[in-house]
Amino acid sequence: MTAGAVRPSVRPLGLRFFRRPAEVVAADLLGALVISRRRGGITAGRIVETEAYLGVTDPASHAYRHRRHAGNGALYGPPGTWYVYRSYGVHWCANLVCAGGPLGSAVLLRALEPLEGVPVMQRRRGRRAQAVLCNGPGKLTEALGIDQGLNGLPMHSAPVMVARGTAVSPARREATPRIGITKAADWPLRFVEADSPWLSRRR
DNA sequence: GCGCCGATTGGCT
DNA sequence: GCCAATCGGCGCC
């Protein structure tokens, strides 16, 4: 995919897309576009890695057993709501709420293929190589200018939206254990585009 | 009230 | 491979 992929005509994914089980949404998000119109310039990328967090029943979810606190209210919002939280007190991680309501399920964006606004991303990311601009959940938020300001906003009317991109055929989708967590890490809820060079670094 | 830990990253050994 | 940065939530005293 080349520059110019982001046209004014792109329309955000409908709420129906997100009103499904998180693992289904996570798999179907592969290949979708994330388009950011934040200050500093338009940036966009193609999703190549996601992780599903199932909500109340998932020990790794921030909504496990209906856990609720000041920071995670957005998790219980309508489908398609952005849930942005601070990781290790340093980085922002961006999720999209799925089923919505009391379940608290969501999909974490873990890696993108940079498509547009690479110089803008590099300005935000310290002039790093293109290969490492968006290959991690904290990296892609920095590259796209995503921070707490996005938390709780509906994706379809937010400065950062998700639109249909170039689909990844089911044969090229791969489910793996989740990364970087201690609880229920072995649940196969991480989804990647097989062989993509833009995936997050494996530990 | 206090200390530990995490859905991470980048720099240094 | 190891570890600091940095901070809110949570367990525990």
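Below, chains carry the letters A, B, ... as their sequence lines are ordered, and counting in each starts from 1. Every heavy atom of this structure was used, including side-chain atoms; hydrogens, water molecules and symmetry mates were not.
Among the atoms of the strands shown, none is found under 4.0 Å from any heavy atom of A/Arg190. Residue A/Arg110 is in sugar-phosphate contact alone, with no base atom involved, counting any heavy-atom pair closer than 4.0 Å across all strands shown.
A/Asp186 has its CG atom 15 Å from the C1' atom of B/dA7, to the nearest Å. Protein atom CG of A/Leu75 is 11 Å distant from nucleotide atom C1' of B/dA7, rounded to whole Å. Look at CG on A/Asn95: it is 11 Å from P on B/dT8, rounded to the nearest Å. Computed from coordinates, the A/Leu109 CG to B/dA7 C1' distance equals 12 Å when rounded to whole Å. Taking atom CH2 on A/Trp92 and atom C1' on B/dT9, their separation rounds to 16 Å, with Å as the unit. Atom C1' of nucleotide B/dT8 and atom CD1 of A/Ile146 are separated by 16 Å, given to the nearest angstrom. In this structure, CG of A/Leu199 is placed 15 Å from P of B/dT8, rounded to the nearest angstrom. Distance CZ (A/Arg201) to P (B/dT9): 9 Å, rounded to an integer number of Å.
C/dC3 and B/dC4: their P atoms are spaced 16 Å apart (whole Å). Taking atom C1' on both C/dG8 and B/dG10, the two are 23 Å apart, rounded to the nearest angstrom. Using C1' as the reference atom, B/dA7 and C/dG1 are 22 Å apart when rounded to the nearest Å.
In this pair, A/Tyr53 lays its aromatic ring flat on the base of B/dA7, centres within 5.5 Å and planes under 30 degrees apart.
The 5' end of DNA chain B is approached more closely, in terms of each residue's nearest nucleotide, by A/Ala106 than by the other of A/Ala106 and A/Arg128.
A salt bridge does not link A/Glu51 to A/Arg178: none of the charged nitrogens lies less than 4.0 Å from a carboxylate oxygen. Under the 4.0 Å criterion applied to side-chain N and carboxylate O atoms, A/Glu142 and A/Arg124 are not assigned as salt-bridge partners.
With a 3.5 Å ceiling on both atom-pair distances, the Watson-Crick or G-U wobble partner of B/dC5 is C/dG8.
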>> With side-chain hydrogen bond (donor to acceptor under 3.5 Å, both in side chains) as the criterion, how do A/Thr50 and A/Arg190 come out once you've worked through the C-alpha distance, each side chain's angles and the decisive distance to 0.1 Å?
In response: CA-CA 6 Å; A/Thr50 59; A/Arg190 171 177 173 259; over 6 Å; no
> Which is it for A/His62 and A/Tyr53 under the ring pair (Phe, Tyr, Trp, His ring centres under 6.0 Å) test, yes or no, and what are the steps along the way?
Replying inline: CA-CA 8 Å; A/His62 291 174; A/Tyr53 286 84; 7.5 Å; no
> Which is it for A/Arg86 and A/Asp147 under the salt bridge (charged side-chain N to carboxylate O under 4.0 Å, His left out) test, yes or no, and what are the steps along the way?
Replying inline: CA-CA 9 Å; A/Arg86 203 119 145 107; A/Asp147 59 23; over 6 Å; no
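For A/Asp28, the side-chain hydrogen bond (donor to acceptor under 3.5 Å, both in side chains) partners two or more places apart in sequence, or in a different chain, are A/Arg20, A/Arg173.
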>> At under 4.0 Å between heavy atoms, how does the protein contact nucleotides 5-13 of chain C? Give one character per nucleotide, 5' to 3', with B, S or -.
In response: BBB-SSS--
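If you check the side chains of A/Tyr76 and A/His66, you find no donor sitting under 3.5 Å from an acceptor.
A sub-4.0 Å separation between OP1 or OP2 of B/dG10 and a side-chain N or O of A/Lys139 is present.
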